Enquirer: 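The structure's right below; bear with me while I get my questions together.
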Amino acid sequence: MEIILAIGIGILTASGVWLLLRPRTFQVIIGLGLLGYAVNLFIFAMGRLKAGAPPLVHPGKVDTSAYADPVPQALVLTAIVISFALTALYLVVLLTARGITGTDHVDGHEAE
Amino acid sequence: MTPSLLEHLTILPIILPLMAAAIMLLLKEQRYKTKATLSLAVCAAILGTALLLLQEASVGGSGGSDTARVYSLGNWAAPFGIVLVADRLSTLMLALIAVVGAAGLIFALARWDRAGPRFHALYLLLIMGVNGAVLTGDLFNLFVFFEVMLAASYGLLLHGSGEKRVRAGLGYVAINLTASLFFLIGVALVYGTVGALNMADLAARVPYIAAEDRALFEAGCAILGIAFLIKAAAWPLGLWLPGAYSAASAPVAAVFTLLSKVGVYVLLRLSMLMFHPDSGDSAGLGQSVLLVLGLATVIFGGAGVIAAQRLERVIGYAVMASSGTVLAIVGLGQANALGGALFYMTASTLASAALFLIAEILVRGEDRAAIGSDAFFDDEYTDPFEADDVEEVGRVMPRSLALLGAFFALAALVVASMPPLAGFIGKLGIFIGLLEGEGASLPASWWVIGILTFSSFATLLALVRFGIEGFWKRDESHALAVRSPEFVAIGGLIACCVWLTIAGGAALSYTEHTGDWLTRPGDYVAAVLKGRL
Amino acid sequence: MNQALLLLIPFATPFIAAIAASFLPTKARNAAATLASAASLIGVIALLCLYPVIASGQVARFAVEWLPTLDIAFRLRLDGFAWLFALIVQAIGALVVLYARYYMSPEDPVPRFFSFLMAFMGAMTGVVMSGDMIQLVLFWELTSFFSFLLIGYWNHSESAQNGARMALTVTALGGLCLLAGVVVLGRIVGSFDMDVVLASADLVKNSPLYLPALCLILMGALTKSAQFPFHFWLPRAMAAPTPVSAYLHSATMVKAGVFLLVRFWPVLAGTPEWGYIVGGAGMFTLLFGAWTAVFQNDLKGLLAYSTISHLGLITLLLGMGTPLALVAAIFHIVNHATFKASLFMAAGVIDHETGTRDLRKLSGLRKTMPYTAALAIVAAAAMAGVPLLNGFLSKEMFLAEALQAPEGRDFSLMVPILATVASALSVLYSVRFIHQVFFGPPATDLPKSPHEPPRWMRFPIELLVLICVVVGTIPALTIAPVLGFAVKSVLGDATPYYSLSIWHGFNLPLLMSFIALIGGTTAYVLFGKRINRADKAWIVGRFSGARAFERAMRWLNISAEWMVLQLGSKKQQWRIRVLVIAAILAGLVAAGFGGLGMKEAGITIQRPGIGFTLIWIVASVCALAAAWQAKYHRLAAVILMAGCGVVSALTFVWFSAPDLAVTQILVEIVTGVLLLLGLRWLPKRSVAMAPSKTDFASRRRRAMDIAIATLAGLGMAVMAFAVMTRPGGSHLSSFLLEESYPRGGGRNVVNVLLVDFRAFDTLGEITVLGIVALTIWALLRRFRPAEESRGITEQRRVQDRHDKQHEQRQSGDTLRETMLIPSVVMKWTFPFIILLALHLFLRGHDLPGGGFAAGVAMSVAFILQYMAEGARWVEERLRIRPLYWIGGGLLITTLTGMASWLFNYPFLTTYFQYGSLPWVEKVPLATAVIFDLGVALLVVGATVLMLTAIAHQSLRTAREIEPVKAPEEGV
Amino acid sequence: MIARISQRVFQQILPHPILSVALFMVWMLMSSPAGTGHATIALIVALLVPQVMRALEPDRVRVRSPLAIIRLLWRLFLDVLASNWNTARIVLGYRKRTRKAGFVNIQLECSNRYALACLAIIVTSTPGTTWVQYDRYSRVLLLHVLDLRDEDDWKAILHDRYESLLMEIFP
Amino acid sequence: MTPAAIVYWGTGFAQVVLALSMLVSAWRILIGPRAQDRVLGLDTLYLNAMLLILVHCIRMSLTAYFEAALILAIIGFTSTVALAKFLMRGEVIE
Amino acid sequence: MLTAPAHMPDLPMWAAIAVTALCIFGALLALVGSIGLKTLKTMYERLHAPTMASTLAMATIVAAMIIYFSFAEGRLTLKPLLIAIFLTVTTPVTMTLLARASIYRDRVEGREGVPKDDM
Ligand code: NA
Ligand code: NA
């Protein structure tokens, strides 16, 4: 399982980075999106992989080893929300830039 | 928990602006006066709080010992919940933020707060974010506050719109989003290897990290470091700074000077906490990188200052150079010079903020076209730059140019760290600190001194050039319209610089003491964790 | 009077006067002049009052603590030398003020001038009286700064701008070096206190840091006193009003350099390094300055180069390193100050009266300005070293010292010869000056018709010339005692015997003097005409320091630009590439190139499941395809990205993160809508736009990007794998799992983390959401769509046309029909989605769900209505005020947090109880629920605001080009 | 009079009674295991949420003949089973040669929006048929059929099996 | 074999089949050829993912993941509606 | 030998078999749907394929879930019915919309095989 997820994170990252380095704003936003997934899963992976053990505890004595680590999950939740917000923001900025500058190049003007 | 309202002082700088911003969202857009008053009141309250905390920090705890005021949010004690820590360093930052923030706000009241919707709310939220970032004692919470700060900064950078800002915003947002991703990766790795997020907890655990986990941990820290170096605008990661800052409207650019300093602050805080000499195998991690990049930043900033064609960009590069200076000192690991560096950082931040404000007044005539790109929709929000109403002109103050020129000169002296003002004291503190003890025999010390001297010279050259352009070569035909809030804002910042000079002894002793405190991370850890572990 | 106060007066009065003058009205010429002269006179008087103290050989001190931790204090220290210097500064200052009162035009805003002048005087006094090295540097730079303002006083003139800038650049650079030097010196000595430093000569000279300290300090001194090769700023500084030149370039500013050399003489002088550098620079400057002065056609230019030459002379004397040479140097400092100040003033008078300073135009002024002529001739004679004038005395001492140049040095014979030559040159330019200006036939083509200046404008010159004469004739009665204690204060016990009598018998120096006088005069007679015709100085004229400086500055500029270009880039791609490379490198280096400790840690791995592998093949394919398609097939990229999102949600399900799965799915849905809303405003990028052939550079760039991307991916994969395969579980998570129910009141630990343990994060996170919504909304109010996207969309155009073509149909029918069925369903799902949101909200604390999920679900309910019926329709019926939701949400969360203050708990402390309301069985009643409510409200507001802000753009009516208004018909 | 007032009050309180019932049941399902507490909440929800629907002004739903509903559901169930079977066979390539897919235009009789919506749902939920386009003026439905043996067959199926029942339910 | 084991392994197999099904629908997203094909592929992907979650609930004997599937069922269609409307009208909200 | 993980409660053999069979059947049917999505020739034909997943496949899996959790939790658990209800109502919406959009696009582009008379 770990190896699959690791490879998956790697591929998401590679695709995202490739897009992040492209000259068109839309490529960048998709790249940021993919990187967002990769990073969220990466954070999630830091809690190690445990199937069938959601951190929903039962009252009473808690066997902490029987639950997945809740901390990375909470961090990912926050990260998801923030990256959603910032994707929206970047989208609007890129739209505005496209309108004002007449190009969708990341520099706001076509490369010479 | 002692039952005293004063105990909640630490959190005021964060929730006051938040509350005010929330209330402003419930107010109609037209109610500028109310909003302005509210903003001013909040800034004043933050300033008051910051000064109280500063006073406390400078006096120290019981028996004159240094303490860190720890505020456990949700009443969850340190490693488990999030804590705010107001120690000497964060309090210093807090005071700096309060001053620059208030100045920017006052300046904006003259006109900028009406150049786009919801300026006050965004502005206060930016202040909140910066305050949170310096106060928090938790790594992930730091991320959150970085994001608050950045989100607000995106909004404020774009405030006033126009092609220049949008273009700058495009790059600024993309770079910072990338940096935020690095931040997350770094935090994740740190948690994945150490299992802690609280900074003090981390500091306490770093020496005991298992050998096989250390490489991963250090990789995480290194990536984290890159994220912070991007924010601190270290070369070659901080190339975004001059463009972004110079595109922003003046009051925004003024508060932006704080943002890069927050990056520096975090690097300083974390490297002193986690990689101090007693921290086992990780001691001194990344220090040489900080030194080299810091110096490179100073050189690059110096070159940029000379090469830049617009005053705002000059200031932007100067801000870079000033970040680089502090980074280099952090990297050098010379605790003696740290006090000077902190002093220098404080002074140069105040002065570069003032310069951004002055620069805007100087280029005001030319800039009109850039601000008002022609609108496409006819239900357009009208802003004061497009309307030629009479109030726009403002009363020309007698001697406004002379006074502004004096302000410019003083601010320029501080930024170039020339005598007699505060910047000089800071740099002097660095020099003397560097040469103390074994420092004189380190080649790095001499490099630092040489490069800092070069950067002073470069800054002076450029600022003299632009001073002459702006004040001596000024066309008589368009008079300078400066409104009183603008004078108050700039004058306030300059007054702080002057005060820092006159009361240089006390201020420097504070920063030196702070440097000393930073070299004893054990005390910080003890204060935060209160012996728990 | 109190000694400390007396010390403070000459220092502080000028500054006070400067500030006071700056408040005077623009035309208050007399008031400003009175103020300034009063200030300097008070200073003079205070200094005179201190005479007894100084004369008795004491040092007057005054100290105030300033930077105690650096051992830097504000210290005033007045010994004999400083006293003499301060007196010159203040007294000549007073005279210059008087002179300037008449010199400056009534139209000039002189209060500013006097303000700068006084400030400069204060700074100069500060330099002289500094008892602390750092303080000395401080005032040193201040003199540079105020001289900048004074030189640039006529700031509209370009030459003033350039001259001021050059002077500042050179002297401030010197000052920076001086600072460094002083810091090093302080490091050697262990103190910045001048007393301590001056007493540590041996320590300093034996220190390994001696040479760097010396070089740095000399950089300061030599730039300031315009020594070759830093001399060039001085002639350019002549753009200043003449009173400024008279003051700064005779007695003060340029003398600061030699003052410094004298001040540190006991500590630094006497070593071979000192001798070579200082002596060499002095000798060269002496000759160079004199030679160049000869060829100057501008009166002030001549005086400027003469000043350079005389400063060279003083420097050379100091470089000799002998006590007697020092005596001569100090003496010449005083003498030069008097005759040069008077000459500058005279030059100013001539300029003022005739309207020109060109030696070739001026002629025969002795007829029209006899009195001024007489004064100028005497002063020039003093400069030339004519006997019975003060210049002669010090020059005699100089020549004597030149003969005493230590044997064994290679140039021992050269020194006296060169000294004589320099003296001859000095005679030559003095004679040329006198002859060209005052003799010959009266000039006819002068811009103004000259006559004698006003009485009080002449007075300063008279006084100074009188001093020249008096000192020159009766030195023993006038200057001797002063010079005596000045020298003693520097040399202490090493003070040598010297005599100030005018007559020492026929000796070699006297001979040399005469050779110089005769030689100079003869040369003028022989070459005068040719010199007048020369454009620039023979031989050395081709070398222009100023041009070199400007070239250096240009080079600095160009190389800075080059550097910025090379070390940076304006291209965002480049910048981001650097970031990514930096992060990869950082990770690699820190992790020690692959040694992630995997072997040591041991790998515990779960066998890959087939299903899981398959879904990750889906995600990988989607990701790679998205990367491939994002440029030309944006919609495909959006869809492919959504595919990745689904798989990451499934992964969260797979590995026990239901909350994450819920949130991911919800966010996925909203992001999809958002991107589509955006796509509407993004014109198509067709494949046809692609360059048909990709050049090598772009192929290489792509290859590099692929390499970077691969490395980044590899890095993340390896790190993720390394962490996942080692044992996990932290003290943090154990605590949270254990305490979540008993102390947080919730079974869903993730939710308790979000609303209790780490509620502060959540507060920040929703703030981010609110800010972003606000920003988007603000930005879109001035939205200007891309040219190609303006107006209605292609599809709508086609469909509307179709509707119009058919008789029965109305415009918009196609849409209505299309949405006929969907809108029924979408409308009726509204209450059920509200239900879902409520459900998610209420169960959050114990089971997956929570405020955020509820908020997004709720916002989806709104968005569905927007999609079903259009924005206008919805907003006519549902008044959604997203800003209020955002503000309210923030307020609720914050107030909930603050409520704990009432119970003396920190912010965000939650309270909970397993209450049992009537009819409702055990339901946890936690304040965290209220907090979560705020979260939900904000999320609804922010999400709806973001989406509708973009959606509203379609509704906005494009601004039409306003038709020109027809003129209204007249009555 | 009283009856009318009470009817209006009833309409005020329960603007959409069916919706309220549905919401109540859905809530009970959602929060299962649900006790009295959830029933209370469900009741509140069922009373309050429909008020929101006032704003959206949906056409009123009038349903007759609950029996017809059950018959409709039963028919749908059978048809879904059958068409799943058919479609699966087609996908797996059993009837490659003989099969022909295509569009069918069908003239509908009913015009009630809800009836049409139900019809659309039914048609589309049944594998093998997809509701593509409906013309309000001519009341012609364009249907896509995966296995188009006989156009009239499909018309008949639609009319007889569903439309008539739906017209019974939504008059 | 215990009943529980049967369920566990049976659902495991069902998951593999569903994952395979996802892979096939992803293929449609990938090759298109037209935008509507991709949208359809995505819709199917969502559907299969939802079924996968349900099966996972059984396999893990946990209802905790149910809400994720429920959300997909109730509002998952929003994305597809938006996409379809975008194709039809060129914009999602008019 | 196949063993069940500890977390799984025991249930009657018939129920286990039913659950398993329903799950597998549903999954296979969904797979058939997806295969149809891949193999069928035109867009409109492909539209029919996933409907199997959203109807019968979904129904069997929901049934499996109801059976399983009713035994696992010891009481009738009808919650999964919600999925059936909502999915049945919402999926057709997307399908018809998609069909409408693609026929419009095909007509505009003048493609073969679509009725032409209308937009
Ligand atoms: Na609590
Ligand atoms: Na169908």
Side-chain angles (χ1 to χ4, degrees), chain A residues 1-4 6-15 17-21 23-24 26-27 30 33-34 37 41-42 45-46 48-51 53-57 59 62 64 67-71 73-74 76-78 80-82 84-85 87-89 91-92 95-96 98-100 106-107, chain C residues 572 577 580 605-606 608 612-613 616 619-620 623-624 626-627 630-631 634 637 641 644 648 655-658 660 663 667 674 678 681 705 709-710 712-713 716-717 720-721 723-725 728 732-734 736-738 740-741 747-750 753-754 761 765 768-769 772 776 779 784-786 946:
Chain A
M1 289 302 188
E2 287 84 358
I3 187 81
I4 301 298
I7 293 172
I9 291 173
I11 289 174
L12 281 175
T13 308
S15 312
V17 167
W18 159 260
L19 282 175
L20 194 64
L21 300 176
R24 303 294 151 190
F26 197 78
Q27 291 175 302
I30 297 287
L34 293 180
Y37 293 138
L41 287 165
F42 185 80
M46 296 300 114
R48 319 303 194 261
L49 302 183
K50 209 176 259 179
L56 305 167
V57 292
V62 173
T64 56
Y67 298 99
D69 190 343
V71 178
Q73 295 193 14
V76 173
L77 269 179
T78 306
I80 289 178
V81 176
I82 289 177
F84 159 67
T87 306
L89 180 82
L91 177 75
V92 172
L95 292 180
T96 315
R98 177 65 181 85
I100 289 185
V106 286
D107 291 333
Chain C
Q572 201 199 315
R577 203 172 286 141
V580 177
I605 193 169
Q606 303 168 45
F612 191 69
T613 314
W616 269 100
S620 307
L624 292 170
K631 189 166 187 182
R634 293 176 183 142
M641 200 172 94
C644 299
S648 78
F655 295 110
S656 319
L660 288 186
T663 310
V667 166
L674 190 81
W681 298 105
D705 286 349
T710 313
M716 285 282 277
F721 185 73
V723 175
M724 279 189 282
T725 51
L732 193 52
S733 66
S734 306
L736 299 174
L737 286 165
E738 278 160 9
S740 171
Y741 190 76
R747 297 207 295 114
N748 182 356
V749 186
V750 174
L753 260 164
L754 288 181
D761 276 349
E765 159 207 324
V768 172
L769 202 57
V772 166
I776 288 177
L779 196 61
R784 184 182 172 75
M946 284 179 202

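As the structure is a prediction and not an experimental result, all values here were calculated from the model. Convention: sequence-line order gives letters A, B, ...; per-chain numbering from 1.
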Enquirer: With a 4.5 angstrom heavy-atom cut-off, is it the side chain or the backbone of A:Arg24 that approaches chain C, or both, or neither?
Expert: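 For A:Arg24, the contact with chain C is made by the side chain alone.
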Enquirer: Could you go step by step and tell me if A:Leu12 and C:Trp616 meet the side-chain contact (heavy atoms from CB on, under 4.5 Å) rule?
Expert: CA-CA 10 Å; A:Leu12 281 175; C:Trp616 269 100; 3.7 Å; yes
Enquirer: Quick one: which of C:Val772, C:Asp705, C:Thr613, C:Leu769 has the most heavy-atom pairs under 4.5 Å with chain A, could you say?
Expert: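 Answer, by heavy-atom pair count under 4.5 Å with chain A: C:Asp705.
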Enquirer: Any idea which of A:Ile7, A:Ile11, A:Val57, A:Ile30 has the most non-hydrogen atom pairs under 4.5 angstrom with chain C?
Expert: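 Of the options given, most contacts go to A:Val57.
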Enquirer: If we define contacts as heavy-atom pairs under 4.5 Å, which of A:Val106, A:Leu49, A:Val76, A:Leu20 has the most with chain C?
Expert: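 Sorted descending by pairs with chain C, the first entry is A:Leu49.
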Enquirer: Does any non-hydrogen side-chain atom of C:Phe612 lie less than 4.5 Å from one of A:Met1?
Expert: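 Yes, their side chains come closer than 4.5 Å.
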Enquirer: Using heavy-atom distances under 4.5 Å, tell me whether A:Leu19 contacts chain C through its side chain, its backbone, both, or neither.
Expert: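 The side chain, not the backbone.
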Enquirer: As an exercise: rank A:Leu56, A:Leu34, A:Leu41, A:Ile82 by heavy-atom pairs under 4.5 Å with chain C and give me the winner.
Expert: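 So the answer, after comparing A:Leu56, A:Leu34, A:Leu41, A:Ile82, is A:Leu56.
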Enquirer: Relative to chain A, which segment of C:Leu753 carries a heavy atom at a distance below 4.5 Å: side chain, backbone, both, or neither?
Expert: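 Only the side chain of C:Leu753 comes within 4.5 Å of chain A.
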Enquirer: Looking at A:Ile3, A:Thr64, A:Leu21, A:Ile4, which has the largest count of heavy-atom pairs under 4.5 Å with chain C?
Expert: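 The answer is A:Leu21.
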Enquirer: How close do A:Pro55 and A:Ala68 get, heavy atom to heavy atom, and via which atoms?
Expert: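 In this case the closest contact between A:Pro55 and A:Ala68 is CB-O, 3.8 Å.
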Enquirer: Shorter than 4.5 Å, heavy atoms on both sides: which option in C:Met716, C:Arg577, C:Gln606, C:Gln572 has the most such pairs with chain A?
Expert: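 Heavy-atom pair counts peak at C:Gln606.
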Enquirer: Determine whether the side chains of C:Glu765 and A:Thr78 contain a donor N or O and an acceptor N or O closer than 3.5 Å.
Expert: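 There is such a pair (donor and acceptor under 3.5 Å, judged by atom type) between the side chains of C:Glu765 and A:Thr78.
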Enquirer: Quick check on C:Ile605 against chain A: is it the side chain, the backbone, both or neither that has a heavy atom closer than 4.5 Å?
Expert: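 Interface part for C:Ile605: both.
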Enquirer: Between A:Phe42 and A:Thr13, is any pair of side-chain heavy atoms under 4.5 Å apart?
Expert: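 They are not in contact (no side-chain heavy atoms under 4.5 Å apart), so the answer is no.
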Enquirer: Report the option among A:Ile9, A:Thr87, A:Thr96 that has the most heavy-atom pairs separated by less than 4.5 Å from atoms of chain C.
Expert: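 Maximum pair count with chain C is reached by A:Thr96.
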Enquirer: Need one label for C:Met946: side chain, backbone, both or neither, based on atoms under 4.5 Å from any heavy atom in chain A.
Expert: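 For C:Met946, the contact with chain A is made by the side chain alone.
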Enquirer: Walk me through it: do A:Leu89 and C:Ile776 pass the test side-chain contact (heavy atoms from CB on, under 4.5 Å)?
Expert: CA-CA 6 Å; A:Leu89 180 82; C:Ile776 288 177; 4.1 Å; yes
Enquirer: Say whether, by atom type as modelled, one donor and one acceptor occur between the side chain of A:Gln73 and the main chain of C:Ser656 under 3.5 angstrom.
Expert: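 Yes.
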Enquirer: With a 4.5 angstrom heavy-atom cut-off, could you sort out which part of A:Leu91 is near chain C: side chain, backbone, both or neither?
Expert: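 Contact with chain C involves the side chain of A:Leu91 alone.
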Enquirer: Could you check which of C:Pro658, C:Ala619, C:Gly728 has the highest count of heavy-atom pairs closer than 4.5 Å to chain A?
Expert: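 Of C:Pro658, C:Ala619, C:Gly728, C:Gly728 has the most heavy-atom pairs under 4.5 Å with chain A.
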Enquirer: With sequence neighbours left out, write down each residue that passes side-chain contact (heavy atoms from CB on, under 4.5 Å) with A:Arg48, or none if nothing qualifies.
Expert: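 side-chain contact (heavy atoms from CB on, under 4.5 Å) check on A:Arg48 returns C:Val723, C:Arg726.
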Enquirer: Could you tell me which residues satisfy side-chain contact (heavy atoms from CB on, under 4.5 Å) with C:Ser740, sequence neighbours excluded, listed by chain and number?
Expert: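 In terms of side-chain contact (heavy atoms from CB on, under 4.5 Å), with neighbours along the sequence ignored, C:Ser740 is linked to C:Val749, C:Val752, C:Phe757.
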Enquirer: Quick check for you: among A:Ile80, A:Leu95, A:Val71, which has the greatest number of heavy-atom pairs under 4.5 Å with chain C?
Expert: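 Highest number of pairs under 4.5 Å: A:Leu95.
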